Number of protein chains: 2
Amino acid sequence: MKSEKKQGRPRTFDAKAVIGQAREVFWDKGFSAASLDNLSAATKLNRPSLYGAFGDKEELYLDALEGYREESLDVLAEALDPALPLRENLARIYDRALQIYLHGATAARGCFLISTATAEAIQHARVREVLGRSLNEFDGAISERMELAKARGELPADADPATLARLASAVMHSLAVRARAGDTRETLEAIARSGVDIICPLR
Amino acid sequence: MKSEKKQGRPRTFDAKAVIGQAREVFWDKGFSAASLDNLSAATKLNRPSLYGAFGDKEELYLDALEGYREESLDVLAEALDPALPLRENLARIYDRALQIYLHGATAARGCFLISTATAEAIQHARVREVLGRSLNEFDGAISERMELAKARGELPADADPATLARLASAVMHSLAVRARAGDTRETLEAIARSGVDIICPLR
DNA sequence: GAAATTTTATGCGAAATGGTACAAATATTC
DNA sequence: GAATATTTGTACCATTTCGCATAAAATTTC
């Protein structure tokens, strides 16, 4: 049928790719300091084109946050493979987290959500909602794996999976903040290892 | 002598109070979204007066960060009173942290450093430096108390004080992020308690 | 081929922003 | 009391920012 053909001039860009490029700008500068000119230059799209396709700056930022959230959930799901022991799951989560947090053309940039959405959360309710929902979803994914671990005897019988999941997330939040503040890879890796050790005392 | 008397028109404000008022604005809006007009209105000072007394916007922000850092170190020192057991020290740190993170006229605003300086850290090297130095100082204060605790038998003989201090900080960083994201007091208090339990397994 | 539709490109406008110039106000010093 | 020094207040400036108007370009539909 003609459902793929649409009247009008065809787009010259892939929406997903543009959101990724915008994310790079927001990740470096934060939402408020990232100007439309910055975004225009990074995406190679003029401002009316950005507005036409993505709405205003906040909407583009929200799209970028949601994209990062989805990718993070994918990474989490992979690291939490139930075929692996829990210690390995946690080690993989932190390893992958550090890969993300320590990459960056100019400097280690930490977690996109924690580094940029926190600053905007009070003045922009929708940003706050995405931040809160994302953090809770990450907690939830880890908590499910913890429940399985408890049932398998990988955790002490009196362990509370939801609480341990939150502590495991706490280590990740701390890694995010520290990476952005400039801590070394060695320091961050040591924190990750000790996080695994303290959350999974059984070997 | 005349050392207190200075030529020229006297100031109508107290510099420390103004830095505190500016901090409230920056805490809500972040650095980039806080305008000179916002700061002027909050401090009741005109822009030339702000410039004359504090330098440009970034310098005022740095003053606000340093003020918060000093106050935080004071709060930490008090909570880490060696006369108390380590568990009590940690419980007090998190209690005081939550008091700070959950206050705010409009909403819980988390930690001023973590909520606002992270967004600016990549583009403003001086902000990044203050953030990193502050986090390391907080770690250091807790680590000293951990060393004393180890010597006293409050921690297992094989415990590493510096590592435990960083995990204790991780809980604090997580509380900060979650408070700003809108988590409830009950959830945050539960995380704090479980943080104390996991870091101080001896009773 | 003309009409309709969507996208891109150029230019513009109103408002906001960070910062400054200058005069008036307020104090000390001589 | 005049000169000097510092602060406050008003007005202004150059630039940036976000968003829009309009025309041209590129496609589909009839």
Side-chain angles (χ1 to χ4, degrees), chain A residues 1-19 21-23 25-26 28-65 116 119-120 123-124 126-127, chain B residues 1-19 21-26 28-65 116 119-120 123-127:
Chain A
M1 304 295 257
K2 298 188 180 42
S3 61
E4 296 290 346
K5 303 285 182 96
K6 198 179 160 189
Q7 275 200 9
R9 183 171 166 170
R11 280 186 170 175
T12 60
F13 60 89
D14 171 54
K16 247 187 130 177
V18 167
I19 290 169
Q21 287 153 357
R23 182 165 83 190
V25 174
F26 288 128
D28 270 348
K29 295 175 184 292
F31 171 72
S32 291
S35 68
L36 267 297
D37 278 351
N38 298 143
L39 293 163
S40 180
T43 58
K44 309 281 198 300
L45 291 181
N46 289 315
R47 281 183 282 139
S49 300
L50 282 173
Y51 274 94
F54 301 101
D56 68 12
K57 184 171 142 190
E58 178 175 338
E59 281 167 321
L60 179 58
Y61 179 60
L62 289 165
D63 285 342
L65 289 177
T116 65
E120 304 302 327
Q123 303 294 316
H124 297 265
R126 290 166 78 192
V127 174
Chain B
M1 307 295 262
K2 300 185 178 41
S3 61
E4 297 287 347
K5 303 287 180 92
K6 197 176 159 191
Q7 277 198 8
R9 183 171 167 171
R11 282 186 170 173
T12 60
F13 60 88
D14 171 55
K16 247 186 130 183
V18 167
I19 291 170
Q21 288 154 355
R23 182 164 84 192
E24 291 298 312
V25 175
F26 287 128
D28 271 347
K29 295 174 184 293
F31 172 72
S32 291
S35 68
L36 267 297
D37 279 351
N38 297 144
L39 294 163
S40 180
T43 59
K44 309 277 195 302
L45 291 181
N46 289 316
R47 282 183 282 141
S49 301
L50 282 173
Y51 274 92
F54 301 101
D56 69 12
K57 185 173 148 190
E58 178 174 337
E59 281 167 323
L60 179 58
Y61 179 60
L62 288 165
D63 284 344
L65 288 177
T116 67
E120 304 303 329
Q123 303 294 316
H124 297 266
R126 291 167 78 191
V127 174

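Just so we're clear, the structure is a prediction, and the values are computed from it rather than from any experiment. Chain naming here is simple, since letters A, B, ... match the order of the sequence lines and numbering starts at 1 in each.
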**Prompt:** Roughly how many Å is it from CD in A:Gln7 to C1' in C:dA4, rounded to a whole number?
**Reply:** 5 Å
**Asked** Side chain of B:Ser49: nearest nucleotide among D:dT8, C:dT8, C:dT20?
**Response** D:dT8
**Prompt:** Counting only side-chain N and O atoms of B:Lys6, is one of them less than 4.0 Å from OP1 or OP2 of C:dT28?
**Reply:** no
**Prompt:** D:dC20 C1' sits how many Å from A:Lys57 NZ, rounded?
**Reply:** 17 Å
**Asked** Which of these, A:Leu62, A:Asp63, A:Thr43, sits in a side chain to side chain contact (heavy atoms under 4.5 Å, CB included) with A:Phe54?
**Response** A:Asp63
**Request:** Find the distance B:Phe13:CZ to D:dG9:C1' and express it as a whole number of Å.
**Result:** 14 Å
**Prompt:** Looking at CG of B:Leu45 and CG of B:Leu36, how far apart are the two atoms once the value is rounded to the nearest 0.5 Å?
**Reply:** 11.5 Å
**Prompt:** Between A:His124 and A:Phe31, is the gap from one ring center to the other below 6.0 Å?
**Reply:** yes
**Item:** Whole angstrom value for the distance that separates C1' of C:dA9 from NZ of A:Lys44
**Value:** 17 Å
**Asked** According to a strict under-4.0 Å criterion, is B:Asn46 in side-chain N/O contact with OP1 or OP2 of D:dT8?
**Response** no
**Message:** Nearest to the side chain of A:Tyr51, heavy atoms from C-beta on, is which of D:dC18, D:dA26, C:dT8?
**Reply:** D:dC18
**Request:** Looking at every strand, decide which applies to B:Ala34 at a 4.0 Å heavy-atom threshold: base, sugar-phosphate, or nothing.
**Result:** sugar-phosphate
**Asked** Within the structure, does a side-chain N or O atom of A:Ser35 lie under 4.0 Å from either OP1 or OP2 of D:dT16?
**Response** no
**Request:** Calculate the interatomic distance between B:Leu39 atom CG and C:dA16 atom C1'; express it in whole Å.
**Result:** 15 Å
**Request:** Output the distance between atom CD (B:Glu120) and atom OG1 (A:Thr116), rounded to the nearest 0.5 Å.
**Result:** 11.0 Å
**Prompt:** When you match B:Arg9 and B:Asp37 each to their closest nucleotide on DNA chain C, which lands nearer the 5' end?
**Reply:** B:Asp37
**Message:** Just the rounded figure in Å: distance from P of D:dT6 to CZ of B:Arg11.
**Reply:** 11 Å
**Asked** D:dG19, C:dG18, D:dT8: which one has an atom nearest the side-chain heavy atoms of B:Arg47?
**Response** C:dG18
**Prompt:** 5'-most contact on DNA chain D: A:Pro48 or A:Ser32, nearest heavy atom basis?
**Reply:** A:Ser32
**Item:** Protein-nucleotide distance (A:Tyr61, atom OH; D:dT17, atom C1'), rounded to Å
**Value:** 19 Å
**Asked** Separation of A:Leu50 atom CG from C:dA9 atom P, in whole Å?
**Response** 11 Å
**Prompt:** Would you call B:Asp37-B:Arg47 a salt bridge at under 4.0 Å N-O?
**Reply:** yes
